[in-house]
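Worth knowing before you read on, the calculation uses all heavy atoms, side chains too, and leaves out hydrogens, waters and symmetry mates.
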Amino acid sequence: MTTGRTAVTIVLAAGEGTRMRSASPKVLHAVAGQSLLSHVLSAVPNSSALAVVVGPDHEAVEQEVRRARPDASTFVQRERLGTAHAVLAARDAIAAGADDLLIAFGDTPLISAATFERLREALEKGAALVILGFRAADPTGYGRLLVEDNRLIAIREQADASPAERAISLCNAGVMAFDGRMALAILEKIGNANSKGEYYLTDAVAIVRDLGLEAIVIETSEDEVHGINTKAQLAEAEQVMQTRLRKAALDAGVTMIAPETVFLSVDTSFGKDVTIEPFVVLGPGVSIKDGAVIHSFTHIVHSTIGKDARVGPFARLRPGTSLGEGAKIGNFVEAKASTLDAGVKVNHLSYIGDTHIGANTNIGAGTITCNYDGYGKYRTEIGAGAFIGTNSSLVAPVKIGNGAYIGSGSVITKDVPDDAMALERNQQSIREGGAARYREMKTRGRKPEK
Ligand code: UD1
Ligand code: CA
């Protein structure tokens, strides 16, 4: 830890990302369910002041900054004249004069917090400039680190490199750290006399050398610093991130027999003894509690899966779905913005939207909550211990009472009252059914038929 030193971090996110061939800004593309930019913002030191440089008309990027790090300030780079020019757009943040000035790119999402600390330690030992380097399997497109007699003397960009320089595999990762007291003077010396006519941040190395100061390289693995300029590189970074997330999930005790087919998000949270079968996609905002099982070919986003719940195979849980303890969602069931209390069963071929279902209610095959009339969305309220017969349409807004029994093929347009006696009967049969099945299982030594 670098204690007692202040830091300011500048994250560059103003580039157009032309090579992504996309209408949305590059840094808003996602890896493991989170934007490239928010990955970077969550890796920068917590104690550091944070400045993000965004392009003009990048309102969406500014919004993402405010969401991920409300404490950050944003600066607009009006013209995209290169990475050094972008850093100077945040001149006020640099001039504030922290001990360490850290610079990161918004398109390098796999960077870790520990790496920033390594760079800061090197500054503390006296370097004026620290460059994060890596050995690239294919260095094409990266700036090459020119080293002579073990000393970093310059960085050469791809477009300006000679054939011999292009053969160098030691590359600039894009993350660097300046002695904060000298940074502004160094950055202001950078010109644009190169083949692209851009102000290259990487020219800082040669300038530091000319001033007789020390610039050094700290190496890291390529996996940490994949720069994303194209969709192919986005896919590679996703793969690296998924490998990390799967390993972390397995280490935490999640059972996955084919982890390479399971897709996770950075914020996926697991309880104990969770099982994820092959071919499952868990998008952002998913929390799965103890003992739950997610069967194959299930897609879940922004949902909570209760203790011992079962989902799938072939289920789709859309944002705002919450399953209580032991709830069951079967094949070809879609749910959205709905809360299913403990023990609810929706086993086959149903759509449940904008709905609350009370405990232990059974929803028959083919039940649809008709939540949309072409103009507005309406809620369905289903009580506890109710039974909805197969192929029923519940036309919202509608309320089905506790213990209510809906016959097969019904179209329900009016509220259905509670059936207190049926509720008691149902609850009792659930209790006794459970006990009876358990006794049977004990004596026969196998799982009873449902
Ligand atoms: C840059 C480095 C290169 C390094 C590579 C690592 C320079 C000149 N080159 O090249 O040495 O190996 O990253 O991935 O620094 N940006 C702005 N404003 C601009 C230009 C860029 O904000 O005017 C931002 C981009 O949004 C991006 C970052 O700076 O987040 C890097 O720019 P990019 O064009 O991707 O640089 P590379 O060509 O990848
Ligand atoms: Ca880049």
Applying side chain to side chain contact (heavy atoms under 4.5 Å, CB included), run through Leu37 and Val61 and close with a yes or a no. CA-CA 8 Å; Leu37 183 58; Val61 178; 3.8 Å; yes
Can you tell if the side chain of [X] reaches within under 4.5 Å of the side chain of [Y], non-hydrogen atoms only?
{"X": "His356", "Y": "Arg379", "answer": "yes"}
{"X": "Val240", "Y": "Glu236", "answer": "no"}
{"X": "Thr220", "Y": "Val225", "answer": "yes"}
{"X": "Arg144", "Y": "Arg166", "answer": "yes"}
{"X": "Pro45", "Y": "Thr9", "answer": "yes"}
{"X": "Ile168", "Y": "Leu145", "answer": "no"}
{"X": "Ile10", "Y": "Leu12", "answer": "yes"}
{"X": "Val281", "Y": "Val301", "answer": "no"}

How long is the gap from [atom1] on [X] to [atom2] on [Y], to the nearest 0.5 Å?
{"X": "Ile228", "Y": "Arg19", "atom1": "CD1", "atom2": "CZ", "value": "12.0 Å"}
{"X": "Ile363", "Y": "Ile406", "atom1": "CD1", "atom2": "CD1", "value": "9.5 Å"}
{"X": "Leu101", "Y": "Arg120", "atom1": "CG", "atom2": "CZ", "value": "11.0 Å"}
{"X": "Phe105", "Y": "Leu201", "atom1": "CZ", "atom2": "CG", "value": "5.5 Å"}
{"X": "His226", "Y": "Ile111", "atom1": "NE2", "atom2": "CD1", "value": "12.0 Å"}
{"X": "Ile276", "Y": "Leu250", "atom1": "CD1", "atom2": "CG", "value": "10.5 Å"}

Can we say [X] and [Y] salt-bridge, meaning some charged N sits less than 4.0 Å from an Asp/Glu carboxylate O?
{"X": "Arg80", "Y": "Glu16", "answer": "yes"}
{"X": "Lys26", "Y": "Asp107", "answer": "yes"}
{"X": "Glu121", "Y": "Arg118", "answer": "no"}
{"X": "Arg135", "Y": "Glu219", "answer": "yes"}
{"X": "Glu59", "Y": "Arg66", "answer": "yes"}

Check for a donor-acceptor pair, side chain of [X] on one end and backbone N or O of [Y] on the other, with a separation under 3.5 Å.
{"X": "Ser22", "Y": "Ser24", "answer": "yes"}
{"X": "Asp354", "Y": "Asn371", "answer": "no"}
{"X": "Gln242", "Y": "Leu264", "answer": "yes"}
{"X": "Asp273", "Y": "Asp290", "answer": "no"}
{"X": "Ser303", "Y": "Ile300", "answer": "no"}
{"X": "Arg246", "Y": "Met256", "answer": "no"}
{"X": "Asp341", "Y": "Gly324", "answer": "no"}
{"X": "Glu198", "Y": "Gly82", "answer": "no"}
{"X": "Thr261", "Y": "Phe279", "answer": "yes"}
{"X": "Asn360", "Y": "Val344", "answer": "no"}

Side chain to side chain contact (heavy atoms under 4.5 Å, CB included) between Asp223 and Leu110, worked out: CA-CA 7 Å; Asp223 274 354; Leu110 305 174; 5.7 Å; no
Shortest non-hydrogen contact between [X] and [Y], atoms and distance:
{"X": "Ser48", "Y": "Arg69", "answer": "O-NH2, 3.8 Å"}
{"X": "Gly376", "Y": "Tyr372", "answer": "O-CD1, 3.2 Å"}
{"X": "Ala159", "Y": "Lys196", "answer": "CB-CE, 4.3 Å"}
{"X": "Val333", "Y": "His348", "answer": "CG2-C, 3.8 Å"}
{"X": "His58", "Y": "Ala13", "answer": "ND1-O, 4.1 Å"}
{"X": "Val53", "Y": "Ala86", "answer": "CG2-O, 3.4 Å"}

Please assess Ile305 against Ile294 for the test side chain to side chain contact (heavy atoms under 4.5 Å, CB included), listing each intermediate value before the final yes or no. CA-CA 9 Å; Ile305 313 301; Ile294 313 299; 4.2 Å; yes
Does any donor atom in the side chain of [X] or [Y] lie under 3.5 Å from an acceptor atom in the other side chain?
{"X": "Thr355", "Y": "Glu381", "result": "no"}
{"X": "Asp373", "Y": "Tyr378", "result": "yes"}
{"X": "Ser112", "Y": "Glu224", "result": "yes"}

Please lay out, stage by stage, how Thr140 and Asp138 fare under the test side chain to side chain donor-acceptor pair (under 3.5 Å). CA-CA 6 Å; Thr140 312; Asp138 173 9; 2.5 Å; yes
Quick check with a 6.0 Å cut-off and a 45 degree axis cone: is Arg316 positioned over the face of Tyr351's six-membered ring?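 Verdict for Tyr351: no cation-pi partner in Arg316.
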Take atom NZ of Lys247 as the centre, draw a 6.0 Å sphere, and report whether it contains more than 12 heavy atoms from other residues, nucleotides or ligands.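 At most 12 heavy atoms, drawn from other residues, nucleotides or ligands, come within 6.0 Å of this atom.
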Do other residues, nucleotides or ligands put more than 12 heavy atoms under 6.0 Å from Glu424 CD?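 Atom CD in Glu424 is crowded, with more than 12 foreign heavy atoms closer than 6.0 Å.
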So, applying side-chain contact (heavy atoms from CB on, under 4.5 Å) with Ile400, which one of Thr361, Ile388, Ile357, Asp415 is it?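 Of the listed residues Thr361, Ile388, Ile357, Asp415, the side-chain contact (heavy atoms from CB on, under 4.5 Å) partner of Ile400 is Ile388.
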Working note: Glu124 + Arg5, criterion salt bridge (charged side-chain N to carboxylate O under 4.0 Å, His left out); need CA distance, chi angles, decisive distance, verdict. CA-CA 8 Å; Glu124 197 169 18; Arg5 286 175 71 95; 5.2 Å; no
Side chain to side chain contact (heavy atoms under 4.5 Å, CB included), that's the test. Do Met176 and Leu132 meet it? Break it down for me. CA-CA 6 Å; Met176 50 183 86; Leu132 186 65; over 6 Å; no
Which residue in the set Ser350, Ser410, Ser408 passes side chain to side chain donor-acceptor pair (under 3.5 Å) when paired with Thr390?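 Going through Ser350, Ser410, Ser408 one by one, the side chain to side chain donor-acceptor pair (under 3.5 Å) with Thr390 is satisfied by Ser408 alone.
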Let me see the working for Ser338 and Lys336 under side chain to side chain donor-acceptor pair (under 3.5 Å), right down to the final yes or no. CA-CA 5 Å; Ser338 292; Lys336 180 216 91 169; over 6 Å; no
Carefully, step by step, assess Thr380 and Thr369 under the rule side chain to side chain donor-acceptor pair (under 3.5 Å). CA-CA 7 Å; Thr380 298; Thr369 56; 5.0 Å; no
Between Tyr142 and Phe134, does a ring pair (Phe, Tyr, Trp, His ring centres under 6.0 Å) hold up when you go through it step by step? CA-CA 10 Å; Tyr142 289 110; Phe134 68 103; 4.9 Å; yes
